[in-house]
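The structure appears right after this line, and notes come after that.
Every value quoted in this text rests on a predicted model; they were computed, and no experiment measured them.
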Amino acid sequence: MTVIDRIVDCLQSLDNNESFHTSMATAIMHGILRERPFFYHNRETALLAVNTTMIMNECIINTTCDEYNEVAEAVEQGNMTREQLRLWIIEHYRTIEPIKKHVYKTPG
């Protein structure tokens with residue numbers, strides 16, 4: 001089983017409850033940062049994947065770039081557990097307006 005397969009398998013085992021989006025974001029970020037499935041840019045990939053996941057669920061992680069990088073580095077180095085990361089995401093996320101309201105439809 002590849003690293004990506006393990007991350008996807010972890011996502012499939014999550015319960016679909018009200019905190020599903022934060023659990024999914026945690027699994028993605030932790031999996032990519034700890035497993036390092038790519039030769040380069042694992043941190044950037046993890047942060048992009050987490051932000052995309054949260055936006056798709058009408059949320060964002062409200063933090064500074066510096067704090068985001070500090071958290072990512074802590075996860076990479078094993079200084080932050082998956083549960084600590086989940087709690088950090090819960091503490092820092094907020095809901096946003098649905099993106100669909102902002103998409104411009106072309107006539108025709």
| request: Can you tell me which residue pairs pass the salt bridge (Lys or Arg N to Asp or Glu O under 4.0 Å) test with a partner in residues 63-73, sequence neighbours excluded? | output: none
| Those residues that, when tested against T81, pass side-chain hydrogen bond (donor to acceptor under 3.5 Å, both in side chains) (two or more places apart) | Q84
| request: Please name all residues satisfying side chain to side chain contact (heavy atoms under 4.5 Å, CB included) with I60, sequence neighbours left out, ordered by chain then number. | output: I55, R94, I96
| field | For N62, all residues meeting side-chain hydrogen bond (donor to acceptor under 3.5 Å, both in side chains), sequence neighbours excluded | value | none
| ring-ring contact (aromatic ring centres under 6.0 Å, His included) contacts touching residues 39-76 (sequence neighbours left out) | Y68-W88
| query | For R34, what residues pass the salt bridge (charged side-chain N to carboxylate O under 4.0 Å, His left out) criterion, not counting sequence neighbours? | reply | none
| message | Please enumerate all residues that pass side chain to side chain contact (heavy atoms under 4.5 Å, CB included) together with E91, with sequence neighbours excluded. | response | none
| request: Start with the C-alpha distance between H92 and V71, add both sets of side-chain angles, then the distance that settles side chain to side chain contact (heavy atoms under 4.5 Å, CB included), and finish with yes or no. | output: CA-CA 12 Å; H92 287 83; V71 167; over 6 Å; no
| What distance do M54 atom CE and I89 atom CD1 have between them, rounded to the nearest 0.5 Å? | 6.5 Å
| said: What I'd like to find out is whether the side chain of M29 reaches to under 4.5 Å of the side chain of T53, using heavy atoms alone. | reply: no
| task | Report the hydrophobic cluster partners of L48, with the cluster defined as I, L, V, M, F, W, Y residues connected by side-chain heavy atoms closer than 4.5 angstrom, directly or transitively. | result | none
| field | Pairwise distance CE(M80) to CZ(R86) - rounded to 0.5 angstrom | value | 12.5 Å
| Is there a side-chain contact between T95 and E58, using heavy atoms and a 4.5 Å cut-off? | no
| query | Out of I61, T26, I32, T22, which residue meets the side-chain contact (heavy atoms from CB on, under 4.5 Å) rule with V50? | reply | I61
| field | Straight-line distance of I90 CD1 to L85 CG, nearest 0.5 Å | value | 10.0 Å
